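Each remark here refers to the structure printed beneath this line.
Owing to the predicted nature of the structure, the values given are computational and were not obtained by experimental measurement. Throughout, a chain's letter reflects where its sequence line sits, starting with A, and its residues are numbered from 1.
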2 protein chains.
Amino acid sequence: MSERRRHSWMEIRDSIRGLILNATYGPGDKLPRDEELALRFGCARSTVHRAMRDLAQNGIVERRRKGGTTVRRDPVTRATLDIPITRLEVEQRGYRYRHRLIRQSVQDTPPAIMANFGFSEPRAMLRVEALHLADNRPYIFEDRWISLETVPEITSVDLTHENANEWLVRNRPYSKCDLRLYARTATAGDRDMLQAQEGEALFVMERTTWIDAAPITSLCAVAHPGYQLFTQG
Amino acid sequence: MSERRRHSWMEIRDSIRGLILNATYGPGDKLPRDEELALRFGCARSTVHRAMRDLAQNGIVERRRKGGTTVRRDPVTRATLDIPITRLEVEQRGYRYRHRLIRQSVQDTPPAIMANFGFSEPRAMLRVEALHLADNRPYIFEDRWISLETVPEITSVDLTHENANEWLVRNRPYSKCDLRLYARTATAGDRDMLQAQEGEALFVMERTTWIDAAPITSLCAVAHPGYQLFTQG
DNA sequence: TACATTAATATGTAGGTACATATTCTTGTC
DNA sequence: GACAAGAATATGTACCTACATATTAATGTA
């Protein structure tokens with residue numbers, strides 16, 4: 001007797017989630033420790049641990065060594081955004097991709113970029129302005145700053161043919177990434193660059209990346225009118 | 001000799017990432033199987049597995065049973081967005097939160113909402129329009145549709161005091177969530193509701209949630225001018 | 001009481017074994 | 001050669017043990 005069937009960690013996760021949903025444990029409450037739950041569910045501690053890791057990752061609970069597991073007080077909608085390389089995004093939609101280098105020069109970082117990196121003083125960086133096109137229509141305009149200290153080779157890359165976006169992604173994978181999304185009104189400059197009507201609403205993505213503590217790049221990508229970012233999860 | 005120190009899964013992960021970065025294994029290439037790598041790194045297969053799970057989660061590699069592990073052909077910037085309950089977001093910024101119910105009525109879903117849920121026919125749902133305020137200034141306006149079949153109790157909730165956002169988050173956690181982000185030009189209606197100047201750029205978040213296959217809610221949240229969504233990771 | 005030191009404890013991780021599961025590959029049949 | 005059935009195999013999971021690590025709780029000292 002006591003036929004102990006094997007429980008999958010997903011079953012256990014759903015059971016624990018169930019306890020939270022039916023208010024057995026409310027926001028801010030402390031859950032029993034893993035070992036106790038394992039005993040109760042009739043599974044190994046490692047299985048409870050696996051389940052808990054998933055719940056923690058999805059923002060349902062918070063775990064701290066010795067502190068135990070608590071139900072998150074402030075529920076969040078957690079979504080994973082995948083921002084692909086622009087070329088692939090364009091090609092996936094069935095358009096022909098093209099890329100145009102607008103300008104490229106070494107300049108001192110302006111305050112906005114300093115803020116993104118957390119600099120207190122301006123630094124000389126490579127500024128690259130480029131346009132991504134889909135079937136020859138403007139798709140995304142990017143204004144990018146690249147650290148010359150972290151990425152010295154960039155000066156010897158021909159950015160008219162090779163695109164900075166892809167070169168960096170393939171050669172300087174980041175370990176940390178900040179992302180800022182907002183809406184901006186189109187200016188006269190956007191009108192020419194993105195064929196946007198002046199005053200039209202544009203979607204902006206600012207992305208700053210580091211490898212450990214070393215700054216790699218910070219870019220401001222302005223999408224064409226009507227652009228949408230979509231995720232499923 | 002052969003002092004076999006213990007390797008952490010993060011070390012192993014970084015080593016494997018290193019092999020990808022230095023082009024030992026390029027995009028689309030197949031990595032050695034876990035056991036082989038474990039032998040090579042001098043650790044247990046479970047440690048390699050742990051490392052690989054992390055790399056797969058971060059979109060670096062793809063894993064398939066029997067198929068093995070391959071380096072992802074199309075690198076992505078993967079970011080986790082945490083969209084908190086609006087009240088908490090407002091309070092965290094140090095403002096006083098208030099909520100105002102604008103309208104509430106049962107209506108047939110319009111095409112946009114049908115598309116979000118994947119309906120082919122209109123359905124009667126509860127439509128709730130509400131305004132979130134920060135220090136009495138408009139913060140986010142939400143136009144929400146709630147399924148009467150999945151959430152029948154909602155009709156007996158007093159949404160003038162309890163806010164639909166929080167009630168749902170606490171009472172109907174979702175298992176699936178679609179998210180759509182874009183920019184929109186302010187209309188005359190926004191001018192009154194969000195104190196936006198006509199023509200100003202507004203940030204819009206559309207969120208649709210299900211519990212398994214059952215639709216819960218679909219909402220279109222329009223933020224006040226200047227709103228930014230920010231993530232670190 | 002205030003503060004530093006030490007003990008206690010819950011989660012995190014490494015290693016190992018056994019088996020499950022999903023594919024791919026191989027082989028057999030027509 | 002086409003297709004189906006079965007074998008082979010890489011990843012996934014469950015359970016276990018032993019430590020590691022981060023914090024909290026308890027204790028001792030001034």
Side-chain angles (χ1 to χ4, degrees), chain A residues 1-20 24-25 27-73 175, chain B residues 1-20 24-25 27-73 233:
Chain A
M1 54 238 164
S2 180
E3 183 56 30
R4 191 149 136 190
R5 59 181 286 274
R6 283 166 97 86
H7 295 279
S8 86
W9 65 268
M10 291 188 223
E11 280 175 348
I12 302 298
R13 177 200 59 190
D14 292 343
S15 298
I16 298 170
R17 205 206 322 255
L19 291 175
I20 295 169
T24 306
Y25 298 100
D29 286 0
K30 197 163 146 179
L31 287 165
R33 42 190 249 273
D34 293 7
E35 213 169 337
E36 162 68 23
L37 285 173
L39 202 73
R40 213 183 283 184
F41 289 121
C43 68
R45 175 165 86 90
S46 53
T47 308
V48 173
H49 183 260
R50 182 75 186 79
M52 284 297 197
R53 262 227 327 268
D54 192 71
L55 290 171
Q57 181 128 33
N58 283 298
I60 313 289
V61 301
E62 269 175 338
R63 277 161 81 76
R64 283 165 59 215
R65 279 177 173 164
K66 163 81 183 174
T69 309
T70 51
V71 180
R72 262 191 81 129
R73 206 174 289 273
S175 60
Chain B
M1 55 241 152
S2 181
E3 182 57 29
R4 191 149 137 190
R5 58 182 287 276
R6 282 166 97 86
H7 295 279
S8 84
W9 65 268
M10 290 188 222
E11 280 176 348
I12 303 297
R13 176 199 58 190
D14 293 343
S15 300
I16 298 171
R17 208 208 318 258
L19 291 176
I20 295 169
T24 307
Y25 298 101
D29 285 0
K30 197 162 147 179
L31 287 165
R33 40 190 249 273
D34 294 6
E35 214 169 337
E36 162 69 23
L37 285 172
L39 201 74
R40 211 183 285 183
F41 288 122
C43 68
R45 174 164 87 90
S46 52
T47 307
V48 173
H49 183 261
R50 182 78 184 76
M52 283 297 196
R53 261 226 327 268
D54 192 71
L55 291 171
Q57 182 129 34
N58 284 299
I60 313 290
V61 301
E62 270 176 337
R63 277 162 80 76
R64 284 165 57 216
R65 278 177 173 163
K66 164 79 182 174
T69 308
T70 51
V71 180
R72 262 190 80 130
R73 207 173 289 273

Q) Within the structure shown, what part of the strands sits under 4.0 Å from B:Ser46 by heavy-atom distance: base, sugar-phosphate, or nothing? A) base
Of the listed D:dC15, D:dT24, D:dA10, the closest approach to the A:Cys43 side chain comes from D:dC15
Among the nucleotides D:dA25, C:dT23, D:dT13, whichever has the atom closest to the side chain of A:Met10 is D:dT13
Between A:Arg64 and B:Gly67, whichever has its closest DNA chain D nucleotide further toward 5' is B:Gly67
In terms of heavy-atom contacts, A:Ile12 and A:Cys43 come closest through CD1-SG, 3.8 Å
With the side chain defined as heavy atoms from C-beta on, B:Trp9 is closest, among C:dT13, C:dC25, D:dT13, to C:dT13
Atom CZ of A:Arg33 and atom P of C:dA8 are separated, to the nearest Å, by 15 Å
B:Leu37 CG to C:dA14 P, in whole Å, measures 16 Å
A:His7 NE2 to C:dA20 P, in whole Å, measures 16 Å
Are any of A:His49's side-chain N or O atoms less than 4.0 Å away from OP1 or OP2 of C:dG12? yes
Closest non-hydrogen atoms of A:Val61 and A:Met52, given as atom of the first, atom of the second and distance, are CG2-O, 4.2 Å
Closest heavy-atom pair, B:Arg72 versus B:Glu62, reported as atoms and distance to 0.1 Å, is CG-CG, 3.8 Å
C:dG15 OP1/OP2 closer than 4.0 Å to side-chain N/O of B:Thr47:
yes
From CG of B:Leu39 across to P of C:dG16 the rounded distance in Å is 11 Å
Is there a side-chain contact between A:Arg17 and A:Asn58 in this structure, where contact means two heavy atoms from C-beta onward sitting under 4.5 Å apart?
no
From the candidates D:dC15, D:dT21, C:dG15, the one with an atom nearest any side-chain atom of A:Arg65 is D:dT21
From NZ of A:Lys66 across to P of C:dT6 the rounded distance in Å is 17 Å
message: Please determine whether a side-chain nitrogen or oxygen atom of B:Arg50 lies at a distance below 4.0 Å from atom OP1 or OP2 of C:dA14.
response: no
- So does B:Ser8 get a side-chain nitrogen or oxygen closer than 4.0 Å to the phosphate oxygens (OP1/OP2) of C:dA14? yes
Per atom distances to the A:Arg45 side chain, the nearest of D:dA22, D:dA10, D:dC19 is D:dC19
Side-chain contact, heavy-atom cut-off 4.5 Å: A:Ile16 with A:Tyr25?
no
Output yes when at least one side-chain N/O atom of A:Thr69 is less than 4.0 Å from OP1 or OP2 of C:dA10, else no. no
Whole-Å distance, A:Asp34 CG to D:dC15 P, equals 14 Å
